[in-house]
Amino acid sequence: MDGIKLVNVGKIYTVEKEQVKVLDGIDLNLPANKITVILGRSGCGKTTLLRLVAGLETFEQGEIEANDVKRKAYVFQEDRLMPWLTVRKNITFGLKDKVINHQKIDEIIEMVGLEKFHSAYPRQLSGGMKQRASIARAFAYDPDFIMMDEPFSALDFFTREQMQKELLNIHQKTRCSILFVTHSIDEALMLGDKIVVLEKGIIKSEYEIEEKNHERDLLDNKFLNLKKQIMNDLKVI
Ligand SMILES: Nc1ncnc2c1ncn2[C@@H]1O[C@H](COP(=O)(O)OP(=O)(O)O)[C@@H](O)[C@H]1O
Ligand SMILES: [Mg+2]
């Protein structure tokens, strides 16, 4: 698989007869098997970009080439589980009965650490566990590409750090392609093979991170320097 390529993509919303350009001239490669992070402040166009790539939104300008990508899955900011279904039923809900491979579903449930809770209902789960179930649901669909829109931003600091590590472990195992949106610089530094800084609908900068250890030390000078650079790009220093 080659990944997804955006060429000169632009998106306009019309609000009260006024046209607002939300994305402008986006040229971007989303490489296969990697984690690409879109980073930017609230309102800069991150969700719009994700929705365009997911095919959930039309756009006026440019092209998105995703010829080899057959199956895309989407993880939302909120967990969107169905309260009347167990964890397992939530995970298999969108799948046709005939295609459910129960052994594979067991493996996915184990991968996200919910094996003891497969028959629990969402109200019996913590926020982190609900997000794990949402991630499992995305993987059960057997996607080529997973889009995640700030999936950990409702979690407390410790749970969030743990979820980031778990996502990296899952990525190591599956080598799936991920497009991950966040407004947290640290989260971007922790997860991204590639970090794309978005500002007011325009790509401000891009960074590729080569790192052998998949658990990164953000206090290492390399990451501190990169953080300063990104803070500078985002004008927070
Ligand atoms: N359906 C819509 N109609 C009109 N404007 C929208 C719509 N969705 C988003 N916007 C506007 O587009 C801009 C980018 O929004 P969004 O992509 O949600 O940003 P982010 O996810 O980075 O916070 C914002 O100014 C927002 O108000
Ligand atoms: Mg958003």
Side-chain angles (χ1 to χ4, degrees), residues 4-30 34-64 66 69 72-81 127-128 130-132 134-135 137-138 143 145-157 159-160 163-164 167 177-207 226-227 229-237:
I4 297 179
K5 192 171 179 196
L6 287 78
V7 183
N8 194 27
V9 168
K11 168 77 189 169
I12 292 168
Y13 279 122
T14 308
V15 183
E16 299 193 11
K17 292 184 189 155
E18 215 166 289
Q19 298 206 321
V20 185
K21 202 155 205 180
V22 180
L23 291 173
D24 194 10
I26 302 285
D27 287 316
L28 181 60
N29 274 326
L30 307 171
K34 304 266 183 186
I35 304 180
T36 304
V37 176
I38 308 288
L39 169 67
R41 55 181 81 218
S42 181
C44 73
K46 303 185 293 301
T47 297
T48 305
L49 182 58
L50 207 63
R51 287 176 59 81
L52 292 194
V53 175
L56 298 170
E57 195 93 60
T58 59
F59 53 101
E60 291 73 26
Q61 178 197 320
E63 300 209 30
I64 298 180
V69 179
K72 296 177 199 155
Y74 203 101
V75 178
F76 297 90
Q77 184 166 355
E78 68 284 13
D79 58 70
R80 298 207 185 179
L81 297 174
K130 282 191 243 188
Q131 254 334 349
R132 281 190 210 141
S134 303
I135 291 169
R137 181 174 53 188
F145 223 101
I146 301 196
M147 341 251 146
M148 306 177 100
D149 194 358
E150 309 207 31
F152 306 148
S153 57
L155 304 175
D156 66 85
F157 175 80
T159 312
R160 186 170 184 157
M163 294 294 295
Q164 290 164 359
L167 182 65
S177 314
I178 299 179
L179 179 57
F180 189 102
V181 158
T182 184
H183 62 250
S184 156
I185 300 177
D186 283 349
E187 188 161 77
L189 290 171
M190 200 64 175
L191 297 178
D193 294 308
K194 175 168 180 170
I195 299 177
V196 180
V197 179
L198 196 65
E199 196 184 52
K200 295 183 185 153
I202 292 169
I203 293 178
K204 175 86 184 184
S205 53
E206 277 183 50
Y207 301 92
L226 188 51
K227 182 169 179 173
Q229 177 79 47
I230 291 175
M231 286 170 82
N232 206 20
D233 295 343
L234 288 167
K235 302 189 187 70
V236 282
I237 44 174

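Remember, it's 1-based here, ligands and their atoms both numbered in the order they're listed. Note that these values count all heavy atoms, side chains included, but never hydrogens, waters or copies made by symmetry. Values in this document were obtained by computation on a predicted structure and should not be read as measured data.
With ligand atoms numbered from 1 in the order given, ligand 1 contributes 12 (O), 13 (C), 14 (C) to contacts under 4.0 Å with heavy atoms of Val22. Set against the non-hydrogen atoms of Thr48, the atoms of ligand 1 under 4.0 Å away are 15 (O), 16 (P), 17 (O).
Distance from atom 19 (O) of ligand 1 to its nearest protein heavy atom, with residue and atom name: Gly45 N, 3.3 Å. Looking at atom 18 (O) of ligand 1, its nearest protein heavy atom turns out to be Thr47 CB, 3.7 Å. Nearest non-hydrogen protein atom to atom 1 (N) of ligand 1 is Tyr13 CE2, 3.6 Å. The protein non-hydrogen atom at the shortest distance from atom 20 (P) of ligand 1 is Gly43 N, 3.5 Å.
Residue side and main chain included, Thr48 places no N/O/S atom under 2.8 Å of the Mg ion (ligand 2).
Between the side chain of Asp79 and the backbone N or O of Gln131 there is no donor-acceptor pair closer than 3.5 Å. Judged by distance alone, the side chain of Glu206 and the main-chain N or O of Lys194 form no donor-acceptor pair under 3.5 Å. Using modelled atom types, no side-chain atom of Thr36 and backbone atom of Leu179 make a donor-acceptor pair closer than 3.5 Å.
Ring pair Phe180/Phe152: centre-to-centre distance below 6.0 Å.
Residue Glu63 qualifies as open at atom CD: its count of foreign heavy atoms under 6.0 Å is 12 or below.
The side chain of Val15, and not its backbone, has at least one atom closer than 4.0 Å to an atom of ligand 1 (non-hydrogen atoms only; side chain from C-beta on).
Here CD of Gln77 is found 12.0 Å from OG of Ser134. Values are rounded to the nearest 0.5 Å.
Ligand 1 lies out of reach of Gly40, whose nearest heavy atom is not under 4.0 Å from it.
A salt bridge does not link Arg41 with Glu199: every distance from a Lys NZ or Arg NE/NH1/NH2 to an Asp or Glu carboxylate oxygen is 4.0 Å or more. A salt bridge does not link Asp24 with Lys11: none of the charged nitrogens is closer than 4.0 Å to a carboxylate oxygen.
There is a protein heavy atom closer than 4.0 angstrom to atom 10 (N) of ligand 1. Within a 4.0 Å radius of atom 26 (C) of ligand 1, the protein has no heavy atom.
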